[in-house]
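Below is one structure, written out as structure tokens, with a few remarks after it.
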Amino acid sequence: MPAPSTTAKSSTTLIVPFLVACLVAAGLGVYGKLHEPTGVAVNIAGFSSPATVKVWLATLAFVLAIVQLFTALVMYGKIPTFANAKWLGPVHRWSGRLAFLASIPVALHCLYALGFGDYNTRVLLHSLLGCFFYGAFAAKMLVLAKKGVPSWALPVLGGLVFTALSGLFVTSALWFFTTFGVKL
């Protein structure tokens, strides 16, 4: 019997991150659907409502995700302008950390106060993207710490995280701003 190829061996390192991603996404979806929404949310002084807090934090997360995308493209040599900049790695890491932190109160509000919504297409898509985002994020974080993963895995997972967060922004904050206007 021939030995497994290096590609097959390295691809098996993705099994656990993939399973964790599925469990995280499914777990959030099941919790959001089964949990009785409370309608209670935390408001922050200076904002007119919990919804405005949520859309501004989502906007912050999206802007930081754009920084993540830009710095990743530079690090992968797609934008050679800042290729040797010493600040690139720290900016990439910290923008990702801050984007994730900004997303936590938004997700808690969505899950606890509102639950998994499916009463219209936008809300269903938003709920599915939210679950997918945290699953993809979990997989990306696990892949970062693993040795021997295929070289395509991290950019693909990063792209999935960015795409999911972009979809979340469009189906929440951008929708809110275009429907109700920009306000604090």
Side-chain angles (χ1 to χ4, degrees), residues 17-35 37-44 47-73 91-144 153-184:
F18 177 77
L19 291 175
V20 168
C22 292
L23 288 172
V24 167
L28 289 172
V30 168
Y31 173 80
K33 192 65 179 167
L34 296 179
H35 168 71
T38 64
V40 175
V42 177
N43 200 359
I44 296 176
F47 287 92
S48 58
S49 70
T52 56
V53 172
K54 188 174 124 173
V55 298
W56 282 107
L57 286 173
T59 301
L60 174 62
F62 178 66
V63 168
L64 290 165
I66 291 171
V67 172
Q68 279 270 286
L69 176 64
F70 174 76
T71 55
L73 288 171
V91 167
H92 185 77
R93 285 187 298 278
W94 279 101
S95 62
R97 290 170 183 155
L98 293 173
F100 180 75
L101 288 175
S103 77
I104 296 292
V106 176
L108 291 175
H109 176 269
C110 288
L111 282 170
Y112 188 71
L114 305 173
F116 187 97
D118 57 5
Y119 50 87
N120 68 37
T121 304
R122 178 191 64 82
V123 173
L124 174 61
L125 181 59
H126 182 75
S127 295
L128 291 170
L129 283 169
C131 296
F132 180 80
F133 168 76
Y134 283 101
F137 180 82
K140 181 183 176 209
M141 293 301 102
L142 290 172
V143 164
L144 275 173
L154 192 56
V156 167
L157 288 169
L160 290 172
V161 169
F162 178 79
T163 301
L165 190 56
S166 297
L168 286 166
F169 172 76
V170 167
T171 58
S172 63
L174 185 62
W175 172 84
F176 182 91
F177 292 141
T178 57
T179 304
F180 301 106
V182 177
K183 54 180 141 183
L184 287 178

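Below, each value reflects all heavy atoms present in this structure, side chains not excepted, and no hydrogens, waters or symmetry copies.
Contact annotation: the side chain of Trp56 never approaches that of Val106 to less than 4.5 Å [non-hydrogen atoms, C-beta and beyond]. Contact annotation: the side chain of Thr52 never approaches that of Phe180 to less than 4.5 Å [non-hydrogen atoms, C-beta and beyond]. In this structure the side chain of Leu174 never reaches within 4.5 angstrom of the side chain of Phe62, judged on heavy atoms. At least one side-chain heavy atom of Lys54 sits less than 4.5 Å from a side-chain heavy atom of Leu114.
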For this session: Kindly determine whether Leu111 and Phe116 satisfy side chain to side chain contact (heavy atoms under 4.5 Å, CB included), including the steps that lead there.
Result: CA-CA 7 Å; Leu111 282 170; Phe116 187 97; 6.0 Å; no

For this session: Take Phe137 and Leu165 through the test side chain to side chain contact (heavy atoms under 4.5 Å, CB included) and record every step on the way to the result.
Result: CA-CA 10 Å; Phe137 180 82; Leu165 190 56; over 6 Å; no

For this session: In sequence, state the C-alpha distance, the side-chain angles, and the governing distance for Val161 and Phe133, and then conclude on side chain to side chain contact (heavy atoms under 4.5 Å, CB included).
Result: CA-CA 6 Å; Val161 169; Phe133 168 76; 3.5 Å; yes

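For residues 125-135, the pairs satisfying side-chain hydrogen bond (donor to acceptor under 3.5 Å, both in side chains) are Ser103-Tyr134, His126-Thr171, with sequence neighbours left out. Screening residues 112-121 for side-chain hydrogen bond (donor to acceptor under 3.5 Å, both in side chains), with sequence neighbours left out, gives Lys33-Asp118.
The environment of CZ in Phe18 is sparse: at most 12 heavy-atom neighbours from other residues, nucleotides or ligands sit within 6.0 Å.
Looking only at distances, no side-chain donor or acceptor of Thr179 sits under 3.5 Å from a matching main-chain atom of Phe176.
Between the OG1 atom of Thr71 and the CZ atom of Arg93 there is a distance of 10.0 Å, given to the nearest 0.5 Å.
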